[in-house]
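Lettering follows sequence order; numbering is per chain, from 1. These numbers come from a predicted model, not from an experiment.
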Amino acid sequence: MESMQQWTIPLPNNYRFKESLNFLGRNDQECLHRIHHGHLYKLLTCDQALFLIKIFEEKKELKIDCLNNTPNGHQWQFIVEYVADWLDLTTDLGKFYQFAEKDPVLAPLVGSYFGLGLMGIPELFEALSWAIIGQQINLAFAYKLKRRWVENFGTKLMFDNQAYYLLPTPQQSAVIPDEALKQWQFSRQKIKYLKEIARLLSEGVLSKKSLQELQPAEIEKRLTRIKGVGTWTAHYVMMKCLRIPTAFPIQDVGLHQALKVCLSLDQKPAIDDIRQWEQRWEPWQAYACFYLWRSLIR
DNA sequence: AGCCAGGTGTACA
DNA sequence: TGTACACATGGC
């Protein structure tokens with residue numbers, strides 16, 4: 001038990017790991033995980049130690065190898081919980097599919113992406129910072145900014161001639177000079193927002209745990225009190241990090257684009273029309289949004 | 001070249 | 001409560 005190098009997780013009903021890989025592999029500029037030959041690699045940290053894990057499917061089960069280290073029982077627990085959260089291994093997708101069956105937008109999407117869980121961002125700082133980086137710029141540029149931030153200021157592990165990274169911690173981020181980020185083409189606003197959030201998290205004023213004790217409406221209020229966090233970002237974080245299935249970032253332009261395509265419209269739907277869909281999708285708004293995002297890939 | 005990009009804060013009626 | 005505009009730069 002104490003010296004295990006591999007862990008096995010049963011795959012949930014209706015879940016297809018291949019769909020997780022399809023989504024996670026959507027951008028080749030991604031720097032916080034790597035996909036290679038159907039294997040998913042990610043660097044994690046627990047108890048000040050680094051763990052490079054490899055996740056793959058074998059005999060209808062999910063296997064987690066730790067490549068660089070030997071986690072103890074407590075560390076394995078952390079790793080397994082992280083993976084289950086990240087890859088959405090605890091949701092009963094069958095319930096969503098039952099709901100989606102009679103919906104004209106969702107039914108075809110479920111047909112195309114059957115077995116896809118909602119890929120999450122378990123770390124609050126990562127969810128918030130990725131949302132802020134992505135605000136109002138195209139995704140390609142957002143990935144570029146994130147890569148610069150992670151590669152210059154995060155933690156690096158070389159393994160088998162390949163670099164793996166950890167996002168800078170809030171503590172590390174709080175002391176990055178503004179000019180350094182400015183040089184890497186972060187806007188003044190993004191720098192200010194990111195560093196303030198880093199400060200709130202490192203001082204413990206804000207935490208995932210404290211948010212999880214609140215109701216969704218209260219979480220939204222708490223998050224939008226932070227400068228740089230509007231309703232889009234709050235809902236993005238509720239959806240990807242806090243895993244609130246009713247979260248729905250209604251201003252999202254990708255969502256608008258996907259709906260336009262799914263409904264064969266000439267132009268993007270009006271916000272009031274989207275609001276109707278949102279109500280119709282209660283209590284699965286986050287999954288509806290995620291499947292719509294998925295439909296934009298490629 | 002010009003519009004758009006996984007928005008938000010601020011100003012002002 | 002509602003609209004206009006700055007931010008700030010890349011992608012296509």
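Among the heavy atoms of the strands, none lies under 4.0 Å from A:Lys190.
Not counting sequence neighbours, A:Ser129 has no partner by the side-chain hydrogen bond (donor to acceptor under 3.5 Å, both in side chains) test. Under the salt bridge (charged side-chain N to carboxylate O under 4.0 Å, His left out) criterion, A:Lys182 pairs with no residue, sequence neighbours left out. Under the side-chain hydrogen bond (donor to acceptor under 3.5 Å, both in side chains) criterion, A:Trp184 pairs with no residue at all, not counting sequence neighbours.
Annotation: ring-ring contact (aromatic ring centres under 6.0 Å, His included) contacts involving residues 118-138 of chain A, sequence neighbours excluded, comprise A:Phe125-A:Trp149, A:Trp130-A:Tyr143.
Residues A:Arg188 and A:Ala140 both approach DNA chain C. Their nearest nucleotides, taken by heavy-atom distance, put A:Arg188 toward the 5′ side.
Distances shown here put a side-chain N or O of A:Lys227 below 4.0 Å from the OP1 or OP2 atom of B:dT10.
Along DNA chain C, the stretch of nucleotides lying under 4.0 Å from any heavy atom of chain A spans, 5' to 3', C:dC7 to C:dG11.
With ring centers used as reference points, A:Phe290 lies under 6.0 Å from A:Phe23. Ring pair A:Phe96/A:Tyr291: centre-to-centre distance below 6.0 Å.
Contact check of residues 253-283 of chain A against DNA chain C (heavy atom, cut-off under 4.0 Å) returns no residues at all.
Between A:Arg225 and A:Lys221 there is no side-chain heavy-atom pair separated by less than 4.5 Å.
For the residue pair A:Leu167 and A:Gln172, the shortest heavy atom distance occurs at O-OE1, 4.3 Å.
Here, C:dA8 and B:dA11 have their P atoms 16 Å apart, quoted to the whole Å.
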